[in-house]
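Worksheet: one structure, shown below.
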Amino acid sequence: MIFDLKLQNDLWMDNAIVNFYSLLSSLGHDTVNISIITSKVSVEILDYELFLSDLSQAIIRKIKPNIIIDEIDKNSNERKEIKKDYILIQENKKINGKVSLKEKIYDENYNYQVIREIFDFLEGDSKKCVFCGRNFKKSVKNLQQASYPFVTKIKSLSGIRGVTEYFKDYCPICYLIGILEWQDPSLIYRTFPADKSYLFLPLMLDLNKLYEFKCNSVPVLDNTYRYSNLSNLKRESTENTPGKYSTLLYFYEKFNEKFMDTYTEESPICTQWGIVEIPLSGSVKNPKLTKVVVPDYIIGLIRILANRDFLIYNDFIRNIRMVKLQGKSDFEETNIIREKLSESIIKDEFRLFAKQFLPRKKERVVMNSLAYEVLEELLLEWRCRPMGINKEDLDNVKSYANVLASVTSKNISLLYKLDKARDINEFWSITKEISKKLIDAEKNDISKIRPTSIDNLVLLVKENEDDWKEIRDLIIIYASMYHSIRNLKQEG
């Protein structure tokens, strides 16, 4: 038997095709011949009976740890099986603590029979597949979320709506690769218990490059954990990233760490992702898809800083906290700001990044010395150097930010006013206000301020008027931090 699996321009199915190719690669050469190019995977079955037997066994072997994991029961302290939370395959009642999936292809008692039916029913012309367009003899299963998570018969929900007449026009091979995508070892996942899970699927319109990237991703991941497969070796556990953007940022950081010495400019790396949000509550699951494009420049930025031992997520973002003026950490707000900072970096949105540092009502942003060091390198590489601003110029920005923090120590309205400046004229107007405030300030408040701070800043902005907004945002970041330090000391 010979058949092709062609690129479908579908996030789930294209990843599923590549996963199936990877699975077939593990079978013996005397069983099947396979090849992969940009637009398709070609399969030639050499020994039909041996192929069915080997494939069925390979599928059973990959159930653990990709779909089911072992976990210690907190009450009985005994080991039990658990299906990972995001898997949209229904379960039967557990038998002796073991998970039993309703899809028979994952039941070792029926697995071989299902595989035989799939390939026996593949050749024919009775029907035409709604996905791949191939003619086939008979369906094995209807189109369901178990093999394609975006499908639903409920018209009010997202996904494929109101096409129930096509649900049976689903060829056996599309069912097979779709249902097997759940055991793809390169799937990145992050689960928030009793709330939602995120799945991260690379979006690449070249099957060969997609295969290479997914193969390189596997060593970065540890699928033996329930809530995340991005582990933190320094802490011997998984990293509890606060959301989808922080998870993606941390993945890039770990990916670079793994391939720092071997990756080249020609090596494929994914810049477009489909992030699937799967709700964990309620009987009806309605996955939401978010497409994220990461600029090449940002991936390069992560790599450049990591190669200098400055880790944006691990050393900077995870060491930032939101602290109440009384000194206690606000864990919920801490997770929010960490996720927003991650989002701003992934999307290359410096304005969003800067706004996270602004003082909140009775709360301030704090960080340790390592995070501060990484932040400065990040600002230099991300914004300063592309604008032609050097370290000395950044020091002038910091000095001016200290002036702003000093004159707004008791009233931060001027800081917010600067943040909202719409044009260069408003910026200069606020600068004059700051100068006047400095003249009127008490000596104790300005004792450590450099007299030339304002003059140096004015000169820097005049030399870089096209980039005044970026300089304004740099001022906001440092002024907010200096303001936080002053306020927390006063409260302490």
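The model shown is predicted, which means the values in this text are computed figures rather than measured ones.
- There is no side-chain donor-acceptor pair under 3.5 Å between N66 and Q183.
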Check against salt bridge (Lys or Arg N to Asp or Glu O under 4.0 Å), R351 and D419: CA-CA 10 Å; R351 177 93 269 255; D419 176 66; 2.4 Å; yes
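- Summarising the local packing, NZ of K340 is surrounded by 12 or fewer heavy atoms from other residues, nucleotides or ligands at distances under 6.0 Å.
- Defined by atom type and a distance below 3.5 Å, a donor-acceptor pair is present between the side-chain atoms of D54 and T31.
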Step-by-step side chain to side chain contact (heavy atoms under 4.5 Å, CB included) determination, C171 to F131: CA-CA 8 Å; C171 80; F131 271 85; over 6 Å; no
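- A donor and an acceptor atom, one from each side chain of D222 and S231, are nowhere located under 3.5 Å apart.
- Other residues, nucleotides and ligands place no more than 12 heavy atoms under 6.0 Å from the NZ atom of K104.
- K214 and N15 share a side-chain donor-acceptor pair at under 3.5 Å.
- Within 6.0 Å of CD1 in I95 there are 12 or fewer heavy atoms belonging to other residues, nucleotides or ligands.
- Defined by atom type and a distance below 3.5 Å, a donor-acceptor pair is missing between the side-chain atoms of D85 and T191.
- Side-chain contact between L248 and W273 is present, with at least one heavy-atom pair separated by less than 4.5 Å.
- The environment of Q90 atom CD is sparse: at most 12 non-hydrogen atoms of other residues, nucleotides or ligands sit within 6.0 angstrom.
- Looking at S246 and E339, their side chains do bring a donor and an acceptor atom within 3.5 Å of each other.
- Remark: the T241 side chain and the Y313 side chain contain no N/O donor-acceptor pair separated by less than 3.5 Å.
- Within a 6.0 Å sphere centred on NZ of K138, other residues, nucleotides and ligands contribute 12 heavy atoms or fewer.
- Side-chain contact, Q57 with S53: a donor N or O sits under 3.5 Å from an acceptor N or O.
- Taking the six-membered ring for Trp and the full ring otherwise, Y106 and W182 have centroids separated by 6.0 Å or more.
- Judged by the 6.0 Å distance and 45° axis criteria, R190 is positioned over the aromatic ring of F192.
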